[in-house]
2 protein chains.
Amino acid sequence: MRLVIARCSVDYAGRLTAHLPLATRLLLVKADGSVLVHSDGGSYKPLNWMSPPAKLTVDVPGEDAREAGVVETWTVQHLKTDDRLVVSVHEVLHESEHELGVDPGLVKDGVEAHLQKLLAEHIGTLGDGYALVRREYMTAIGPVDILARDADGRAVAVEIKRRAEIDGVEQLTRYLDLLNRDPLLAPVTGVLAAQEIRPQARTLATDRGIRCVVLDYDALRGIDDVDSRLF
Amino acid sequence: MRLVIARCSVDYAGRLTAHLPLATRLLLVKADGSVLVHSDGGSYKPLNWMSPPAKLTVDVPGEDAREAGVVETWTVQHLKTDDRLVVSVHEVLHESEHELGVDPGLVKDGVEAHLQKLLAEHIGTLGDGYALVRREYMTAIGPVDILARDADGRAVAVEIKRRAEIDGVEQLTRYLDLLNRDPLLAPVTGVLAAQEIRPQARTLATDRGIRCVVLDYDALRGIDDVDSRLF
DNA sequence: GGGTCCATTTCGATG
DNA sequence: CATCGAAGTGGACCC
């Protein structure tokens, strides 16, 4: 990995054409030839970049560019498309190179799958007497996240989202329509369970008789911890 | 902007929980307190990060951590949520700080919106006698980029892309299906207009009776310049 | 501030 | 390998 702090302007030509006026920025060159141009703010997205695989070539600028103050011209050419990033370096303020090696990569936790697992393990969160039938209950149009039965033995279909929006309500509605055609299950009620439920989604769900339940991830995990300590 | 190359492990707790095992990485600290953790590969997306606004605090590690080889504990706390990134630094291999100043920002050109505007202004590019009905013609499934009428008064739906691929053809097909149900418009023909049309997209479009038009962005802009000179 | 749509999206799962 | 959907999506535009 090569780190360069430089006064530079940048031009990109590929799916669109874009230009960065002269300013001081970080140029990050990765081992796979990809280049990121970062400013001292904004999000994790660079101002401009070239995706791997790419090849960086550093050239002496043409006479016109040299007169305009350019000391190095970087051309980053994508190896599979004709996308190209051209960096006109006016002044190098810092430069260093580092061996990083291959990264072991990120270990994720707490996504929708984990919420589903936690809720399935603590289905009583939905109400006293609730019992799990099964996770990923298969139907003709796809798996329902959780199928349960309430204290009175009535079937309940649960749709789980990290953040519930209208499409989650639509999805659950389709499942409910289908499940209610099964005489062994009908009548099936619906529960939309999520860490966050958008107002529109809540309105639509309520209008359709679907119950909304806000999940507290930490609390569910906390129950887990208690279990772990007990056993 | 502060650049640190360090052997470190990283833990994130917020919307999800994630962990990065010990390895050598780039830690990029921006002026707004945001932090990016980059490896020497992958795309522009960091392995892990904290969005601004955030505050970085560097602490002496606790005894347990110190015994595990940690020399510095970085805590990056988001200022508005309870998202938190903890970096356990085991060894600092490089460190430097730089003043970058405010970036003038990216100037984009040739995006779909601009192409749409240019083509709407010069709808005759599609053929003699073409007349603009309107841009962003609203339908139940979304806006059609341009609705026009040809020299014979027949409705024409135009889908604009910088680079047309198969999904653009599918999108236009959906619009055509819908528009052709409207007796006031039917029969509606389709035009796929783009600076570049991928072979697959051209084949599919042609097969469906959709005309393909390659737009010359510079020429369209040139017409603009001529207009500017005339008036 | 919320809603919607686009992205040089990136990323992973799946058929 | 293409396709489809989610993302700690982010960002822009509109209301």
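The structure displayed is predicted, hence computed values, not measured ones. First the proteins, then the strands, lettered A, B, ... as listed; each starts at 1.
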Could you go over nucleotides 12-15 of chain D and give all protein N or O partners under 3.5 Å, atom names and distances?
none

Using heavy atoms and a sub-4.0 Å distance, could you list which residues of residues 2-10 of chain B are near DNA chain C? By number, please.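 Residues of residues 2-10 of chain B under 4.0 Å from DNA chain C: none.
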
Excluding sequence neighbours, so at least two apart, what forms salt bridge (charged side-chain N to carboxylate O under 4.0 Å, His left out) with R7(A)? E91(A)

Filtered N/O pairs between nucleotides 1-4 of chain C and protein, under 3.5 Å:
from	atom 1	to	atom 2	distance (Å)
dG3(C)	OP2	R198(A)	NH1	3.3
dT4(C)	OP1	Q200(A)	OE1	3.4
dT4(C)	OP2	Q200(A)	OE1	3.3

Separation of [N] [atom2] from [X] [atom1] (nearest whole Å):
X       : N       : atom1 : atom2 : answer
L106(B) : dG10(D) : CG    : C1'   : 14 Å
H38(B)  : dT10(C) : NE2   : P     : 13 Å
Y12(A)  : dA7(C)  : OH    : C1'   : 11 Å
W49(A)  : dG10(D) : CH2   : C1'   : 11 Å
K161(A) : dG8(D)  : NZ    : C1'   : 17 Å
D83(A)  : dT10(C) : CG    : P     : 10 Å
Q116(B) : dC5(C)  : CD    : P     : 15 Å
D145(A) : dG5(D)  : CG    : C1'   : 14 Å

Main-chain N/O of [Y] paired with [X] side-chain donor or acceptor, under 3.5 Å:
X       : Y       : value
D32(A)  : G41(B)  : no
D145(A) : I160(A) : yes
D11(B)  : V86(B)  : no
T206(B) : R202(B) : yes
N180(A) : V188(A) : yes
K30(B)  : S39(A)  : yes
Q77(A)  : D83(A)  : yes

Would you say CZ of R211(B) has more than 12 non-hydrogen atoms from neighbouring residues, nucleotides or ligands within 6.0 angstrom?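 Yes, because the 6.0 Å sphere around CZ of R211(B) holds more than 12 heavy atoms from other groups.
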
Protein and nucleotides 11-15 of chain C: nitrogen or oxygen contacts under 3.5 angstrom:
from	atom 1	to	atom 2	distance (Å)
dC11(C)	OP1	S43(B)	OG	2.6
dC11(C)	OP2	S43(B)	OG	3.1

Please classify the nucleic acid contact of S51(A) as base, sugar-phosphate, or nothing, using heavy-atom distances under 4.0 Å. sugar-phosphate

Regarding M50(B), tell me which of base, sugar-phosphate or nothing describes its non-hydrogen contacts under 4.0 Å with the strands shown. base

When the P atoms of dG8(D) and dC5(C) are considered, how many whole Å apart are they? 22 Å

Over all heavy atoms of both residues, which pair between [X] and [Y] is shortest? Give the atoms and the distance, please.
X       : Y       : result
A193(A) : V158(A) : CB-CG1, 4.1 Å
S51(A)  : S34(A)  : C-CB, 4.1 Å
A157(B) : L179(B) : CB-CD1, 3.8 Å

side-chain hydrogen bond (donor to acceptor under 3.5 Å, both in side chains) against D103(B), all qualifying residues, sequence neighbours excluded: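 Result, side-chain hydrogen bond (donor to acceptor under 3.5 Å, both in side chains) vs D103(B): R25(A).
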
Measuring only between side-chain heavy atoms, which start at C-beta, is P53(B) closer than 4.5 Å to H78(B)? yes

